[in-house]
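Got a structure here, written out as structure tokens. Questions coming.
Residue numbers start from 1 in every chain, and the chains themselves are labelled A, B, ... in the order their sequence lines are given, proteins ahead of strands.
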Amino acid sequence: MVAEVAQPACGGTCLFLGTVRDGPDEHGVTAIEYSAYEAMVDAEFGRLLADARDRWPEARIAVRHRLGTIPVGEASIAIVAAAPHRAQAFEACRYVIEGVKQRIPVWKKELRVDGTEVWVDPSGRPTVRPSDHPSHV
Amino acid sequence: MVAEVAQPACGGTCLFLGTVRDGPDEHGVTAIEYSAYEAMVDAEFGRLLADARDRWPEARIAVRHRLGTIPVGEASIAIVAAAPHRAQAFEACRYVIEGVKQRIPVWKKELRVDGTEVWVDPSGRPTVRPSDHPSHV
Amino acid sequence: MDTATPARVRVLFFARYAELVGRSEVAVSLPLPATVGDVVRRVRQDFPGAQALPERPLAAVNLKQAKLEAGVQDGDEVALLPPIAGG
Amino acid sequence: MDTATPARVRVLFFARYAELVGRSEVAVSLPLPATVGDVVRRVRQDFPGAQALPERPLAAVNLKQAKLEAGVQDGDEVALLPPIAGG
């Protein structure tokens with residue numbers, strides 16, 4: 001992916017990897033099952049990258065989002081932005097990951113060591129179990 | 001380097017690559033010759049990374065800076081920051097590259113297709129030739 | 001388009017919503033003019049389990065996010081999206 | 001330390017400054033108390049080519065950036081640094 005966006009005029013490349021996490025805020029997560037509205041994912045990525053190119057016309061950007069079950073420690077998303085100057089590369093990369101979190105229709109279900117499965121809410125904290133009353137932000 | 005900083009509690013990893021550039025602002029650069037005050041580079045990287053750890057205690061950071069002659073298109077510096085949350089990873093990575101530009105005693109001489117060699121000034125524009133009067137910021 | 005003709009709309013459910021409704025897709029017919037909100041009300045009324053859906057879910061029409069006030073047309077694909085949690 | 005004893009200081013030049021002075025290292029002796037600025041003045045005065053160095057270069061003492069007003073001691077390593085351009 002880095003090679004895909006590289007070119008001689010680009011002096012700065014920013015790569016972001018989002019990785020399945022099992023930290024103190026999680027509770028024995030072994031993997032995350034990613035599901036998506038795949039046709040809309042493609043359409044929305046097209047719009048998101050077009051927005052990014054409008055803001056940073058010199059940046060070259062590539063994105064990969066994995067779906068399905070991804071074990072702890074593996075990356076679910078990779079974003080690379082290469083640009084003539086580093087500020088553009090950082091900003092474009094950050095813009096795309098923030099856009100993914102807001103716009104790309106993907107959902108996560110945490111799979112835990114105790115066998116439970118918990119949908120992740122958008123703040124990143126799994127607060128809603130499938131049997132609870134639905135909440136919506 | 002990414003594996004070096006990875007751990008299950010880190011959900012976001014930001015990698016920055018600084019690459020030798022030959023773009024419209026440059027003039028036929030074929031390579032850059034990097035020189036350094038190497039003992040101070042080591043000492044200053046130690047202080048810079050300690051400062052970064054003070055600001056983002058949960059971040060794990062690794063840095064490599066190459067010296068010597070590096071051809072256009074190759075990376076001269078790589079910085080990886082992994083953290084539980086992506087904002088920390090982006091901010092720590094950006095902090096380190098900005099610190100490198102300000103604090104790490106490394107100098108660049110552009111080698112050009114026409115055989116000339118030009119010291120790069122800190123703004124990134126090569127304005128001072130060895131025969132000019134010295135300027136200092 | 002004749003506004004008296006009922007519109008036939010595909011409604012897609014994802015993730016937690018698909019679990020609540022017990023299926024990932026239904027078809028509804030409703031008289032035009034109609035909005036995304038009308039589609040949501042119809043779904044919540046007609047399908048067991050769908051009462052558990054929020055009254056104002058995030059929605060998309062033909063692969064693009066749409067407000068509940070947006071109009072729908074015959075043949076549209078309306079998706080009800082749980083809070084997005086990608087990346 | 002006896003302030004009357006002259007201090008012997010190593011002075012290092014890098015990159016463009018090394019090219020200007022034609023060498024990467026010199027030794028200077030100067031009476032204490034002395035500052036980094038005193039070292040710079042001595043170097044600019046004593047070494048051909050060093051007059052082309054700026055009067056107020058970036059400097060480091062013992063691997064750490066120091067102001068020109070900072071004091072130097074016998075045995076210190078003073079480095080004169082062109083504008084930093086790493087990364």
Side-chain angles (χ1 to χ4, degrees), chain A residues 16-21 32-48 63-67 70 75-79 96-110 117-137, chain C residues 9-28 35-37 39-70 72-73 75-87:
Chain A
F16 177 77
L17 294 176
T19 306
V20 175
R21 181 178 62 214
I32 288 182
E33 193 181 292
Y34 285 80
S35 57
Y37 182 9
E38 295 192 36
M40 184 174 163
V41 166
D42 293 345
E44 197 65 35
F45 262 129
R47 291 186 287 260
L48 177 58
V63 185
R64 298 277 185 285
H65 200 316
R66 287 172 68 192
L67 298 176
I70 304 179
S76 55
I77 188 165
I79 300 166
V96 172
I97 182 63
E98 298 303 329
V100 167
K101 300 280 179 180
Q102 286 163 16
R103 298 168 50 170
I104 304 295
V106 171
W107 299 279
K108 305 183 204 186
K109 185 191 263 180
E110 289 185 355
E117 303 186 345
V118 180
W119 289 105
V120 176
D121 96 348
S123 72
R125 300 279 63 72
T127 54
V128 183
R129 286 172 176 274
S131 56
D132 293 345
H133 191 273
S135 72
H136 178 65
V137 178
Chain C
V9 170
R10 286 174 71 207
V11 184
L12 308 183
F13 309 106
F14 292 94
R16 182 167 150 62
Y17 292 175
E19 286 185 355
L20 289 170
V21 182
R23 51 206 289 188
S24 58
E25 182 174 347
V26 299
V28 297
T35 65
V36 176
V39 172
V40 173
R41 273 184 289 280
R42 172 65 59 89
V43 164
R44 293 181 80 245
Q45 184 182 301
D46 288 1
F47 297 90
Q51 293 87 342
L53 294 176
E55 287 178 29
R56 301 186 59 79
L58 191 64
V61 176
N62 301 334
L63 310 181
K64 195 165 184 181
Q65 279 194 37
K67 299 191 173 185
L68 296 180
E69 296 68 35
V72 293
Q73 303 299 330
D76 277 355
E77 178 175 292
V78 174
L80 304 189
L81 312 176
I84 283 169

- Task: Please report the shortest heavy-atom distance between C:Ile84 and A:Val100, naming the atom on each side.
- Result: CG2-O, 3.9 Å

- Item | Contact origin within A:Ala75 toward chain C - heavy atom pairs under 4.5 Å | neither

- Item | Heavy-atom pairs under 4.5 Å with chain C, option from A:Arg103, A:Gln102, A:Arg47 with the top count | A:Arg47

- Task: Evaluate whether atom CD of C:Glu25 has more than 12 neighbouring non-hydrogen atoms of other residues, nucleotides or ligands under 6.0 angstrom away.
- Result: yes

- Task: Let me know if A:Ala43 has heavy atoms under 4.5 Å from chain C in its side chain, its backbone, both or neither.
- Result: side chain

- Message: So, using side chain to side chain donor-acceptor pair (under 3.5 Å) as the criterion, who are the partners of C:Arg23 when residues are at least two apart?
- Response: none

- Nearest heavy atoms of A:Ser76 and C:Gly87, plus distance in Å: OG-O, 3.2 Å

- Message: Can you give me the closest heavy-atom contact between C:Ala60 and A:Met40, atom names plus distance?
- Response: CB-SD, 3.5 Å

- Task: Report yes or no: does A:Lys101 contribute a side-chain atom to a donor-acceptor pair with the main-chain N or O of C:Ala85 at less than 3.5 Å?
- Result: no

- Task: Mind listing the closest non-hydrogen atom pair of C:Arg16 and A:Trp119 along with its distance?
- Result: N-CZ2, 3.4 Å

- Query: Taking only residues two or more places apart in sequence or in another chain, which ones pass ring-ring contact (aromatic ring centres under 6.0 Å, His included) with A:Tyr37?
  - Reply: C:Phe14

